[in-house]
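Everything below concerns the one structure shown next.
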Amino acid sequence: MKNIILIGFMGSGKTSVGIRLSYRLRRTMVDTDRMIERLNQMTVAEIFARLGEEEFRRMETRCLQRLLEDSHQQILSVGGGLPMREENRRLLKRLGTVIYLRVTAETVCTRLAGDTTRPLLQGDNPQKRVQDLLEARSPIYEAAADFIIDADDKDFDTILGEIMERLGEEE
């Protein structure tokens, strides 16, 4: 069986769904942001501040390459910007089944209200930033995904049920 990879915008529930899915399927869960933090002994915010976004994006690609070498039958939750690179989308397809957890800008803003740990949400108008980024990223997420789960206004059991149903068709 292949890896199951969760993609989507920040706040879409990738990590929370991934943890629950790992319990349900009895598979290890890997969060690429946490893996990068562990390997570099810095938080994502520190990496952005000290090394810049472009270096962080290179780290994401190296992380996927490393997972490709030794990862199988895991649940992978990837950072929201990771699929933006064409090379990363190719690596994701090789790694397993890609599931896009789709949410609206309103959901993201509600879920992340007051979160100061996300570098891309810092600034004067985070709601506009979310809307702009989501509009730019959504078509790429959709193209990268094997299937899409709408995650707005759904509890985890409903989302997990939809994923399990779709995986039954896929695997």
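None of the values given here were measured: they were computed from a predicted structure.
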(request) Begin from the C-alpha positions of N40 and I47 and carry the test side chain to side chain contact (heavy atoms under 4.5 Å, CB included) through to its verdict. (result) CA-CA 8 Å; N40 293 280; I47 294 168; 4.3 Å; yes
(request) Answer yes or no: is there a donor N or O on one side and an acceptor on the other, between the side chain of R89 and the main chain of M84, under 3.5 Å? (result) yes
(message) Working to the nearest 0.5 angstrom, can you tell me the gap between I140 CD1 and N88 CG?
(response) 11.5 Å
(message) How about NZ on K93, more than 12 heavy atoms from neighbouring residues, nucleotides or ligands closer than 6.0 Å, or not?
(response) yes
(request) Can you measure from SG (C63) to CZ (R38) and round to the nearest 0.5 angstrom? (result) 8.5 Å
(request) Could you verify whether a donor N or O on one side chain and an acceptor N or O on the other, from D146 and T97, lie under 3.5 Å apart? (result) no
(request) Flag the pair F156 / V17 as yes when at least one side-chain heavy-atom distance between them is below 4.5 Å, and no otherwise. (result) yes
(request) Would you sort out whether L51 and F56 count as a side chain to side chain contact (heavy atoms under 4.5 Å, CB included), showing the intermediate values? (result) CA-CA 7 Å; L51 305 173; F56 177 73; over 6 Å; no
(message) Please check if the number of heavy atoms outside E86 that lie under 6.0 Å from its CD is greater than 12.
(response) yes
(message) For N3, is there any backbone N or O sitting under 3.5 Å from a side-chain donor or acceptor partner on Q74?
(response) no
(message) Could you check whether S138 and R102, counting side-chain N and O atoms only, form a donor-acceptor pair closer than 3.5 Å?
(response) no
(request) For the pair E55 and R62, find out whether any cationic side-chain nitrogen is under 4.0 Å from an anionic carboxylate oxygen. (result) yes
(message) Using a strict threshold of under 4.0 Å (side-chain N to carboxylate O), is an ion pair present between R66 and E60?
(response) no
(request) Would you mind reporting whether I75 and T28 have side-chain heavy atoms less than 4.5 Å apart? (result) no
(request) Run the numbers on H72 and K2 for side chain to side chain contact (heavy atoms under 4.5 Å, CB included), then give the verdict. (result) CA-CA 6 Å; H72 59 304; K2 300 185 288 186; over 6 Å; no
(message) I'd like to know if the side chain of E135 pairs up with that of Q131 as donor and acceptor (distance under 3.5 Å, no hydrogens or angles considered).
(response) yes
(message) One thing to verify: whether R58 and E54 come together as a salt bridge, which I'm taking to mean a side-chain N less than 4.0 angstrom from a carboxylate O.
(response) yes
(message) Check D150 with K154, please: is the shortest side-chain N to carboxylate O separation under 4.0 Å?
(response) no
(message) For a quick test of reading the model, state the closest non-hydrogen atom pair linking I159 to A151 and the distance between them.
(response) CD1-CB, 3.9 Å
(request) Nearest 0.5 Å please: distance from the CD1 atom of I163 over to the CZ atom of R166. (result) 10.5 Å
(message) Quick check against the 3.5 Å criterion: does Y23 have a side-chain atom that pairs as donor or acceptor with the backbone of G18?
(response) no
(request) Please check if the side chain of D31 supplies one atom and the backbone of T15 the other of a donor-acceptor pair under 3.5 Å. (result) no
(request) Go through the steps to decide whether L91 and L68 satisfy the test side chain to side chain contact (heavy atoms under 4.5 Å, CB included), and finish with yes or no. (result) CA-CA 8 Å; L91 290 167; L68 196 57; 3.8 Å; yes
(message) Main chain of G79, side chain of K14: is a donor-acceptor contact present, judged purely on distance under 3.5 Å?
(response) no
(request) For residues L92 and P83, determine if any side-chain heavy atom of one lies less than 4.5 Å from a side-chain heavy atom of the other. (result) yes
(request) Kindly say whether T43 contributes a backbone atom to a donor-acceptor pair with the side chain of E46 at under 3.5 angstrom? (result) yes
(message) Nearest 0.5 Å, please: how far is CD1 in I99 from CD1 in I7?
(response) 9.5 Å
(request) Verify, without hydrogens or angle tests, whether R20 (side chain) and S16 (backbone) share a donor-acceptor contact under 3.5 angstrom. (result) yes
(message) Could you check whether E87 pairs with R90 (Lys NZ or Arg NE/NH1/NH2 to Asp/Glu carboxylate O, under 4.0 Å)?
(response) no
(request) Taking the side chain as every heavy atom from C-beta outward, state whether L25 and I4 have any pair of such atoms under 4.5 Å apart. (result) yes
(message) Are the side chains of M164 and R24 in contact, using a 4.5 Å heavy-atom criterion?
(response) yes
(message) Can you tell me how far apart CG (L6) and CG (L101) are? Round to the nearest 0.5 Å.
(response) 5.5 Å
(request) To the nearest 0.5 Å, tell me how far L82 CG sits from D33 CG. (result) 8.5 Å
(request) Could you tell me whether the side chain of S12 and the main chain of F9 form a donor-acceptor pair under 3.5 Å? (result) yes
